[in-house]
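Okay, structure first, notes after.
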Amino acid sequence: MSDIYEKVIELAKRRGFVWPSAELYGSVAGFIDYGPLGAMTKRRIEDIWRHYYIIREGYYEIECPTVGTEAIYLASGHAKGFADKMCQCPHCHEYFRADHLAEACGIENGAVLSKEDLAAAITDAACPSCGETFGQTEVFDFNLMFQTTIGPGSQRKGYLRPETAQGIFTDFSRLSRFYRQKLPFGAVQIGKSYRNEISPRQGMIRLREFTQAEAEIFVNPEEKTHPAFARYADYSVDLWAIEQQQQNTEAITKTMRQAVDEGIIANEYIAYYLALTHELLATIGVDPKRTRFRQHLPDERAHYAIDCWDAEVYSERFGWVEVVGIADRTDYDLRAHAAESSDSMTVFVPFDEVRKETRKRIVANMGVLGPKYRGKAAKIAAALEEAMPGPDGAEVVVDGETIFVPGDLYTLHEEEVEVRGAEVMPHVIEPSYGVDRMIYSVLEHAYEEEEIDGEVRTVLHLAPCIAPVQVAVFPLVKKDGLDTIAREITVDLQDAGVLADYDDNGAIGRRYRRQDEIGTPFAVTVDTETKEEGTVTLRDRDSMAQVRVKTDDLVQTLVSLTRGRTTFADLTTE
RNA sequence: GCGAUAGUAGUCUAGUGGUAGGACAGUGGCUUCCCAAGCCACUAACUCGGGUUCGAAUCCCGGCUAUCGCACCA
């Protein structure tokens, strides 16, 4: 049966929203092209995202390469952790995850075994597909990252990034200086990421090249209270928390204040971005009734994450689809990069008041110590500074050798120092949006076939702020100079930054329907009254209602309508 | 990736071993003062590669893509 997915995809293909990529030479699953209308819609959605995260939250956007060196992904764990150990049945040539097979044979922790151990573990395993015994089989890594080499003849490995986040982490120190080393701060990135999925099946939902919009917000681990939390404290969303999932009950509706106070959501930052995400999705036209937030269960959550929620959108075709992930990733990423690089990845956080601390310091008496230990003296002196002295001496370890240094070879100083703050490794709050999934959700929720006088009218109820074509301009008939007036109006609208589409082809009804199908929210029609009274009709896509508007006021009215400042209903009640 | 099924203009579809019709859409024109109206004309397709055959869109094999099942997967 032709379900809504097929109808939406058919429309998207036919009218130029989304196409299979490079159909000319045969397309490859997991790659899509955005056609003229799709690219415009995507841009508008991204710009609304920018409005929320850059303009309102104040996290500037950066843009990093999609190709990264191996070091980045060794640090991030993607080079290892993103790889599955696979094997192939020698009889039926089916592929399986080796660790799953091993676990089916009663091996625990198959995931941590080496390739060789796994191969040994599965020799007696029966193939889940054909039932034959595996025997000696090779276990190989399948890494979800696309690999490339950098430079001619170079052995230097490069990877296409599997997420945009790493670019922000690798720029951490410069970002910290840009924000004058004051937590919290954040950066965002919108761009392509790549995952070489084994078998992408679900159209726009699982792609090998996809667009992410990610924010990495660096916060003081001691202060996970969002400075603007009041904005969303009373905002309520549907939460499908761990408890409801385990008890198999429905999502619960809570305000963000309640959810944080009751400990359902780990902190204000997570709650704040849950609410912001809910509002953003509603703004671009995702049905709030078909939006919920699902908390990751403890066993699916990454071990370092404190709390993680997915914004899920209901699709008639795919069920609940993860569109946004919002996680508190703690200092995992920065710690990983600090360990791999020579950067501390910390921010100096001053204390509210300068703290006075007394510090014990051991100063070696080099005049005695030097001659006594000779070549080892410098190292022993350095080790002494860190040592805990006993009553008559201190033990230090130098080059694996334990040396007892008598108390008369050093003096103990007690000094009062002023401590003005501490080096803090921030925690990362990460809202991560799948832009392609947002677009699909919007299209599916906007699609409607309604019956008008026995005819089916196909309408995309796109929000005026994301509709690719914002206004259509028609002469009612192509004579008496009506077309000239309509063309002039089109240019006036275009000059005001409104994407206006002039059309004089065919009957007026057909032109309305054409625009309905691509979601154009408003249509302006020029008729004889335009010449006599100086007014045009403005037609609303959703209600098909019309009002007469003064030609002189038209541009201003439409600018305001397309930006969502006013609605068509406001015009009719005036 | 494996198995099953399928692939005909932009879309939907008819069809047969002898090189393809329809509908809708689109374009040009006529008509038309408000919701896919009417009339005329036009454009436009056999998924790709190989094989069998005098001849293949049709039969066979393979690739690609889509749908479904399995596996995989945020």
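Excluded from the calculations below are hydrogen atoms, water molecules and symmetry mates; all remaining heavy atoms, backbone and side chain alike, are included. In what follows, chains carry the letters A, B, and so on, assigned in the order in which the sequence lines appear, proteins first and then strands, with residues in each chain numbered from 1.
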Problem set entry | Verdict with reasoning, A:K478 to A:D483, per salt bridge (Lys or Arg N to Asp or Glu O under 4.0 Å) | CA-CA 5 Å; A:K478 199 174 146 187; A:D483 47 342; over 6 Å; no
For this session: Give the ring-plane orientation class for A:H278 versus A:F293, where under 30° counts as parallel, over 60° as perpendicular and anything between as tilted.
Result: tilted
For this session: Could you check A:P200 against A:A507 and say which one's nearest nucleotide on RNA chain B is further toward the 5' end?
Result: A:A507
Does [X] contact [N] through a side-chain donor or acceptor facing the base, at a distance under 3.5 Å?
X	N	result
A:Y25	B:C64	no
A:R510	B:C35	no
A:D527	B:C34	yes

Exercise. Should A:N505 be listed as having a side-chain N or O under 4.0 Å from OP1 or OP2 of B:G28?
Worked result: yes
Exercise. What nucleic acid atoms does A:E322 come within less than 4.0 Å of, heavy atoms only: base, sugar-phosphate, or nothing?
Worked result: base
For this session: Using a 4.0 Å heavy-atom cut-off across all strands, classify A:S27 as base, sugar-phosphate, or nothing.
Result: sugar-phosphate
Exercise. What interatomic distance, in whole Å, is found between C1' of B:A45 and the corresponding atom of B:U5?
Worked result: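 After rounding to an integer number of Å, I get 23 Å for this pair.
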For this session: Between B:G1 and B:A56, how far apart are the C1' atoms? Round to whole Å, please.
Result: 31 Å
For this session: Could you provide the dot-bracket string of RNA chain B, using ( ) for intrastrand pairs, [ ] for crossing pairs and | for bases paired to another strand, with Watson-Crick or G-U pairs below 3.5 Å?
Result: (((((((..((((....[..)))).(((((.......)))))....(((((..]....))))))))))))....
Seminar exercise, completed: Checking B:U11, B:A74, B:U67 against the side chain of A:Y5 (C-beta onward), the nearest is B:U67
Could you tabulate the donor-acceptor pairs under 3.5 Å formed by side-chain atoms of residues 313-321 of chain A, not counting sequence neighbours?
residue, atom, partner, partner atom, Å
A:S315, OG, A:R317, N, 3.0
A:S315, OG, A:F318, N, 3.0
A:S315, OG, A:E444, OE1, 2.8
A:R317, NH1, A:D3, OD1, 3.1
A:R317, NH1, A:D3, OD2, 2.7

Exercise. Could you give the CD1-to-C1' distance, from A:I9 to B:C12, as a whole number of Å?
Worked result: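 Roughly 17 Å, once rounded to whole Å.
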